[in-house]
Amino acid sequence: MASSTLICDTEPWKDLKEHLEEIKKTHLRDLMNDADRCKAMMVEFDGMLLDFSRQRAAVDTLDKLFKLAELCRDLVQAAHLREKISRMFNGEHINSTENRSVLHVALRASKDAVIQSDGKNVVPDVWQVLDKIRDFSERVRSGSWVGATGKALTEVIAIGIGGSFLGPLFVHTALQTDPEALICARGRQLRFLANVDPVDVAKNITGLNPETTLVVVVSKTFTTAETMLNARTLREWISSALGPQAVAKHMVAVSTNLTLVEKFGIDPNNAFAFWDWVGGRYSVCSAVGVLPLSLQYGFSVVEKFLKGASSIDQHFYSAPFEKNIPVLLGLLSIWNVSFLGYPARAILPYTQALEKLAPHIQQACLELVSMESNGKGVSIDGVLLPFEAGEIDFGEPGTNGQHSFYQLIHQGRVIPCDFIGVVKSQQPVYLKDEVVNNHDELMSNFFAQPDALAYGKTPEQLLNENVSPHLIPHKTFSGNRPSLSLLLPSLDAYNVGQLLAIYEHRIAVEGFIWGINSFDQWGVELGKSLASQVRKQLHASRKKGEPVKGFNFSTTTMLTRYLESWIPIENDISGYCRSCAPHCMVMLKYNGPLKDFPFLLKYTFEASADVPSDPSTLLPKM
Ligand code: F6P
């Protein structure tokens, strides 16, 4: 059979389609009564318990999904999951459109592991960078590496976007309240600057002193427009305050492009490398995440995070499919998306510390670990897919989500949910006289919601409860809404690493089965090239007064309105507000009256004690 045979043309797929008709006749209310079925749908590994008994599936369904996964390579390019996992771990160029290996697992491999890419064991290179990070972060944290004026660098701003931002932010947010990490971070601050919106610059530098700030520029390519403009902006912030020579002490970089790092003016000795076999959205375990997180928490905490991820890597590589958490999750996603027809998935952690898990997995609409990876319309061989691939991921920590979109998932659309709970709170609180401690209160919801979705509420139950007839339709819930629950023993750095790797590998499983390339992102590139056309137009209109041309009617109208109602930028009146110079720099290039100042300026000044009433109160730029 031709290599372009699609998964949907195979017998196991067709068999699952037929089986679907059987499943459609069942209700979770009944399926949940079968204790043997439920027992078969629970898996434990390394302290975690996964319960997927509330999926709209029978034990049979799983067997059929395993058959789909095991399709032999000669038959079809899609599936043959075991082989694809091995090819990934063996460093083969499975990212065929970019001709690259996909080796984020090497980033957390133990020192003695051997993982080859293009005939070379990459593990020693990984550890060389990790050792360099350990050394550098210890010097910064101990105060032996100081800034240009001899002060210790206690604040870090990590500049990066997409994969160079969301993964590290997720881990940072998860560790911020972990007792061990908290102690290690005492007296330090870590901030992330991603958006090219100058408001994000203002928010990040507010209250910071360039003398005590280290800027880490994180960019795989070192060409990403947003990151590079933000990097130039903070370079200006530092050199205006401390002199251009200060950049060497206050700016370091993480990149695969060390030539551009040097061109930018960062000492190559202060650059931390990674490699083209690390996809941007899979890079949190490279220097992209490890450097900023080690500066904040110390290398030993971050090493635990890497070990947690590595434990899942081993499990993913070697556990039989029936016990393999990422494989089970991936197959169930295929079942939900391609068979039951549920296009979305809600990620609902019952711990505030995981508030950035969903944004990392969904990666803020543009750039998605899951959606960028699997949001594809063609197979890896370039054949148009006759079925939908990819999922729409979103989420919010419980119980906050319960007070916003849960109405929709209980009564409106069917959205399979991932409930993630933790046995031991990072920050337990027990108030005397309360019925339960605060974490138990939270977890009551974690245990209740999956059943509410599965069972719903029938009109008969409501009648028995004497609900008035006119309210019965409103209070009736169909139930039969699938979810799965993952219970972690606690949420320390190790568990955060486990969780990250579970989601990364689940996405790979889905892509392997669908027969798509989960490791490229050509759609994102399209948006980038269109933005560059607009950037050229804005420059030409502002600098040379050229009219808007070459766009459709809609964009032309919007652009013209934007250009007309914005006073042209001409004069550079950069300076510092008097009260906190040189800490709070205002980089104002504006020739209009103060009352029209953009939000950035207002924001920056409002953050200081002394709000100037006109530009002349600005101190001149140093
Ligand atoms: O949006 C596409 C992308 O290339 C991502 O894959 C990457 O994480 C992000 O842009 C940022 O790229 P870089 O790290 O090269 O600045």
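Numbering of ligands and ligand atoms starts at 1, following listing order. Predicted model, so just to flag it, every value in this text is computed and none were measured.
Considering backbone and side-chain N/O of Thr227, none are found under 3.5 Å from N/O of ligand 1. At least one N or O atom of Gly163, backbone or side chain, sits closer than 3.5 Å to an N or O atom of ligand 1.
Using bins of under 30°, 30° to 60° and over 60° for the plane-to-plane angle, the ring pair Phe136/Trp145 lands in the perpendicular bin. Ring geometry for Phe192 against Phe165 counts as tilted: the plane angle lies between 30° and 60°, on a 0 to 90° scale. Ring geometry for Trp127 versus Phe299: interplanar angle over 60°, hence perpendicular rather than tilted (30 to 60°).
Ionic pairing of Arg345 and Glu510 is present here: one or more N-O contacts between side-chain nitrogen and carboxylate oxygen are shorter than 4.0 angstrom.
Proximity to Gly280 (heavy-atom distance under 4.0 Å) selects the following atoms of ligand 1: 8 (O). Close contacts of ligand 1 with Lys220, meaning ligand atoms under 4.0 Å from a residue heavy atom, involve 13 (P), 14 (O), 15 (O), 16 (O).
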